[in-house]
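Written out below as structure tokens is the structure these notes cover.
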Amino acid sequence: MSIKERVAVIDFETNGITPGRDCRATEVGIVLLENGRIVDRFQSLMNAGVSIPPMIEQLTGISTAMLRTAPPVAKVMSEAARFVGTTPLVAHNAGFDRKFWDYELAQLGARREQDFACTLLLSRRVLRTAPDHKLGTLTRFFALPDTGRAHRALADAEMAANLLDYLAVTLQREHGLPDISHGLLCRLQKVVAAKVPAYLQGLSQGE
DNA sequence: TGCCAGGCCCTCTTTAGGGCCTT
């Protein structure tokens with residue numbers, strides 16, 4: 001029980017909140033999830049010529065010195081884009097990772113073609129008992145696997161992948177939905193939160 | 001000049017405000 005279709009779960013570490021000349025991706029982690037299992041991984045630091053503020057270095061453990069010896073951002077993002085291809089994308093608080101993915105692709109003259117599903121929006125709708133919807137809190141609260149150091153790109157991407165699978169299993173087990181697709185998740189995350197129970201009931205009855 | 005995210009959700013709401021979540 002899980003999503004059968006292959007999806008790419010992505011997480012960026014960055015040196016700020018809004019992408020721009022001085023605010024860039026510093027690390028990317030991507031896992032391919034298929035039938036509830038991680039079947040491939042991609043991870044790299046990347047050097048975009050930016051510096052890391054002390055607060056973010058403390059959060060992520062990524063320093064300006066580490067970036068100086070990392071491969072160029074264009075090389076890493078080209079490889080990441082090839083790794084993902086047209087596989088549907090997923091991220092936790094996808095609005096954040098989507099804007100960095102789109103910005104960095106634009107620097108290469110490329111454009112995203114697929115939608116993002118968001119485990120934050122989905123967990124707010126489906127996992128209502130959680131104390132909050134931070135990725136780390138959800139991982140601990142639902143006893144999902146420990147993937148390593150939080151706030152590093154690959155560990156966070158694996159955490160989000162485990163959360164996505166838990167969401168799919170919960171939708172199947174508790175709401176009677178037989179087949180969970182990326183498209184269904186994208187539709188569900190747009191349903192007004194208060195109307196989600198009625199929406200899920202309608203889906204389970206084949207409406 | 002001075003400012004500096006933004007989309008989402010909830011409620012003491014809708015002519016709005018504040019907290020959440022990502023780094």
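Given the structure is predicted, the values throughout are model-derived calculations rather than measurements. Just so it is clear, the values below take in all heavy atoms, side chains as well, and ignore hydrogens, waters and symmetry mates.
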| request: Between A:Gln189 and A:Lys99, just flag the one whose closest nucleotide in DNA chain B comes earlier from the 5' side. | output: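 This one resolves to A:Lys99.
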How is [X] classified with respect to the nucleic acid when contacts are heavy atoms under 4.0 Å: base, sugar-phosphate, or nothing?
{"X": "A:Phe100", "value": "nothing"}
{"X": "A:Leu120", "value": "sugar-phosphate"}
{"X": "A:Thr26", "value": "nothing"}
{"X": "A:Asp97", "value": "nothing"}

Would you give me the side-chain donor-acceptor pairs under 3.5 Å for residues 143-152 of chain A, sequence neighbours excluded?
{"residue": "A:Asp146", "atom": "OD1", "partner": "A:Gly148", "partner atom": "N", "Å": "3.0"}
{"residue": "A:Thr147", "atom": "OG1", "partner": "A:Ala155", "partner atom": "O", "Å": "2.8"}
{"residue": "A:Arg149", "atom": "NH1", "partner": "A:Leu59", "partner atom": "O", "Å": "3.4"}
{"residue": "A:Arg149", "atom": "NH1", "partner": "A:Thr60", "partner atom": "O", "Å": "3.3"}
{"residue": "A:Arg152", "atom": "NE", "partner": "A:Glu27", "partner atom": "OE1", "Å": "3.0"}
{"residue": "A:Arg152", "atom": "NE", "partner": "A:Glu27", "partner atom": "OE2", "Å": "3.3"}
{"residue": "A:Arg152", "atom": "NH2", "partner": "A:Glu27", "partner atom": "OE2", "Å": "2.7"}

| query | Quantified in whole Å, what is the P atom distance between nucleotide B:dG6 and nucleotide B:dT1? | reply |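 Between the two P atoms, the distance is 22 Å.
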| task | Please state the C1' separation for the pair B:dC9 and B:dC3 - nearest whole angstrom. | result | 26 Å
| message | Check whether A:Asn93 reaches the backbone of A:Leu120 with its side chain - one donor and one acceptor, N or O, closer than 3.5 Å. | response |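 Side chain of A:Asn93 to backbone of A:Leu120: no pair is present.
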| message | Check this for me, if you would: do A:Arg41 and A:Glu158 make a salt bridge, where the nitrogen-to-carboxylate-oxygen distance has to be below 4.0 angstrom? | response | yes
| task | Return yes if a side-chain donor-acceptor contact under 3.5 Å exists between A:Thr137 and A:Asp132, otherwise no. | result | yes
| query | Taking any atom under 4.0 angstrom from a heavy atom of chain A, which nucleotides of DNA chain B are the first and last to qualify, 5' to 3'? | reply | B:dA5 to B:dT23
